[in-house]
Asker: 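Before we start, here is the structure in question, set down as structure tokens.
Because the structure is a prediction, the values reported are computed rather than measured.
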Amino acid sequence: SSKNSGVHGVKRDEIFDVWFEQGTEWGPIGYPAGDEEKEGNKISQKFENGTIIIDGDVIYIVRNFAVDLWKTNSLGKNLDLGDCNLKNNGCYQTFENGTVYYTKSTKAQIVYGAFYDCYSLKKKEAGVLGYPTSNAEEVKGGLRQKFQKGYIYWSEATGAWDISGG
């Protein structure tokens, strides 16, 4: 336990095994910060920087900044543990169906599909668009996602394209 998370053990073997593989308290998710919880078919345990979730035979590791979006969207299995050493103290975590970006000022936002491809071409958070400030939303003729310094638009006719402006 740490002075910030209190005293919590890791009782379930599957959760312990994943936590151990990640480096225990020295790994990216840190010390246990809560006891095991059960919600429907899911069993989870919160750690300082993430949550380990067991859903049947599938085990997910979701960083704290992404967990609410993960619960309310079909992001799928995590493909990495992300990184919280990005520009302006930002974070990201990649899932099967999108990447969640986070900063204190922009909050957590999902970038996926053609939006992600366009964002990558523009050097993601380090590029001309900065961090996403909204999730993709419907607009006349397609979808739009707002970023700190511009937008990415998508339509069936044009695909994804950006407008940026400092």
Side-chain angles (χ1 to χ4, degrees), residues 1-113 115-120 122-127 129-137 145-149 152:
S1 75
S2 78
K3 65 181 179 182
N4 296 326
S5 66
V7 177
H8 301 281
V10 180
K11 296 177 182 155
R12 184 171 297 271
D13 287 345
E14 299 92 336
I15 291 176
F16 181 84
D17 291 346
V18 171
W19 183 53
F20 186 81
E21 288 171 14
Q22 301 308 318
T24 62
E25 64 268 21
W26 297 284
I29 62 173
Y31 284 96
D35 294 324
E36 185 178 292
E37 295 179 12
K38 186 168 172 119
E39 184 179 322
N41 295 330
K42 294 183 176 97
I43 297 166
S44 64
Q45 184 164 357
K46 188 171 182 175
F47 291 77
E48 286 177 308
N49 300 311
T51 301
I52 297 175
I53 302 159
I54 300 172
D55 187 2
D57 293 336
V58 182
I59 298 176
Y60 304 92
I61 304 170
V62 183
R63 297 294 287 259
N64 289 343
F65 65 84
V67 77
D68 288 340
L69 286 174
W70 183 85
K71 285 180 178 178
T72 58
N73 293 273
S74 299
L75 290 172
K77 188 160 176 50
N78 59 291
L79 300 180
D80 59 34
L81 290 176
D83 185 357
C84 283
N85 294 304
L86 303 180
K87 180 180 177 181
N88 299 327
N89 298 313
C91 299
Y92 81 90
Q93 185 173 11
T94 306
F95 299 88
E96 292 172 312
N97 300 314
T99 299
V100 176
Y101 285 88
Y102 169 85
T103 70
K104 265 189 178 173
S105 64
T106 62
K107 307 298 180 222
Q109 311 296 338
I110 303 167
V111 183
Y112 65 93
F115 289 94
Y116 184 81
D117 295 341
C118 184
Y119 190 47
S120 291
K122 298 297 178 179
K123 298 187 175 19
K124 303 177 189 170
E125 76 286 342
L129 291 168
Y131 285 97
T133 59
S134 75
N135 292 313
E137 56 192 11
Q145 185 161 10
K146 186 172 183 345
F147 292 78
Q148 289 173 311
K149 300 176 186 172
I152 295 176

Asker: Counting N and O atoms only, with roles assigned by atom type, does the side chain of Asn78 sit under 3.5 Å from a partner on the main chain of Tyr60, one being a donor and the other an acceptor?
Answerer: no
Asker: Evaluate Leu69 against Asn135 for side chain to side chain contact (heavy atoms under 4.5 Å, CB included), listing each step before the verdict.
Answerer: CA-CA 10 Å; Leu69 286 174; Asn135 292 313; 4.1 Å; yes
Asker: For a quick test of reading the model, state the closest non-hydrogen atom pair linking Ser44 to Ile15 and the distance between them.
Answerer: C-CD1, 4.4 Å
Asker: Of the options Gln109, Lys107, Lys149, Lys87, which is the one that meets Tyr131 in a side chain to side chain contact (heavy atoms under 4.5 Å, CB included)?
Answerer: Lys87
Asker: Backbone N or O of Leu75 within a donor-acceptor pair of the Asn73 side chain at under 3.5 Å?
Answerer: no
Asker: With rounding to the nearest 0.5 angstrom, report the OH to CD distance, Tyr102 to Gln93.
Answerer: 14.0 Å
Asker: Tell me, do Asn88 and Lys104 make a side-chain contact under 4.5 Å, heavy atoms counted?
Answerer: no
Asker: Return the minimal non-hydrogen interatomic distance between Pro132 and Thr106, and the atom names on each side.
Answerer: O-CB, 3.4 Å
Asker: Could you measure the distance from the CD1 atom of Ile53 to the CD1 atom of Ile59? Nearest 0.5 Å is fine.
Answerer: 11.0 Å
Asker: To the nearest 0.5 Å, how far apart are CH2 in Trp70 and CZ in Arg63?
Answerer: 15.5 Å
Asker: So with a 6.0 Å cut-off around CD of Glu14, is the heavy-atom count from everything else above 12?
Answerer: yes
Asker: Would you say that more than 12 heavy atoms from the other residues, nucleotides or ligands in this model lie under 6.0 Å from the CG of Asn89, or not?
Answerer: no
Asker: Could you check whether any side-chain heavy atom of Val10 comes within less than 4.5 Å of a side-chain heavy atom of Phe20, counting everything from C-beta outward?
Answerer: no
Asker: Look at the side chain of Gln45 and the backbone N and O of Gly34, then say whether any donor-acceptor pair between them is shorter than 3.5 Å.
Answerer: yes
Asker: Using 30° and 60° as the class boundaries, would you call the ring planes of Tyr119 and Tyr101 parallel, tilted or perpendicular?
Answerer: perpendicular
Asker: Just how far is it from atom CD of Gln145 to atom CD1 of Ile110, taken to the nearest 0.5 Å?
Answerer: 9.0 Å
Asker: Please check: side-chain N/O of Glu48 versus main-chain N/O of Tyr31, any donor-acceptor pairing under 3.5 Å?
Answerer: yes
Asker: Apply side chain to side chain contact (heavy atoms under 4.5 Å, CB included) to Glu125 and Phe147, showing your working.
Answerer: CA-CA 9 Å; Glu125 76 286 342; Phe147 292 78; over 6 Å; no
Asker: Does the side chain to side chain contact (heavy atoms under 4.5 Å, CB included) test come out yes or no for Val62 and Phe95, once each step is laid out?
Answerer: CA-CA 9 Å; Val62 183; Phe95 299 88; 4.0 Å; yes
Asker: Does the Gln148 side chain pair with the main chain of Thr133, one donor and one acceptor, at a distance under 3.5 Å?
Answerer: no
Asker: The test is side chain to side chain donor-acceptor pair (under 3.5 Å); show your working for Thr94 and Asp80 and say whether it passes.
Answerer: CA-CA 6 Å; Thr94 306; Asp80 59 34; 3.1 Å; yes
Asker: Roughly how far, to the nearest 0.5 Å, is the CG atom of Asp17 from the CZ atom of Arg12?
Answerer: 12.0 Å
Asker: Considering residues, nucleotides and ligands other than Glu39, do more than 12 of their heavy atoms fall under 6.0 Å from its CD?
Answerer: no
Asker: Starting at CZ of Phe115, measure out to CG of Leu129 and round the result to the nearest 0.5 Å.
Answerer: 12.0 Å
Asker: Check this for me: Lys77, atom NZ, are more than 12 non-hydrogen atoms of other residues, nucleotides or ligands nearer than 6.0 Å?
Answerer: yes
Asker: Within a 6.0 Å radius of atom NZ on Lys146, are there more than 12 heavy atoms belonging to other residues, nucleotides or ligands?
Answerer: yes
Asker: Would you name the heavy atoms of Cys84 and Phe65 that are closest together and state the gap between them?
Answerer: SG-CE2, 3.8 Å
Asker: Any side-chain to backbone donor/acceptor pair from Trp19 onto Gly30? Under 3.5 Å, distance only.
Answerer: yes
Asker: Can you give me the closest heavy-atom contact between Gly90 and Thr103, atom names plus distance?
Answerer: CA-CG2, 3.8 Å
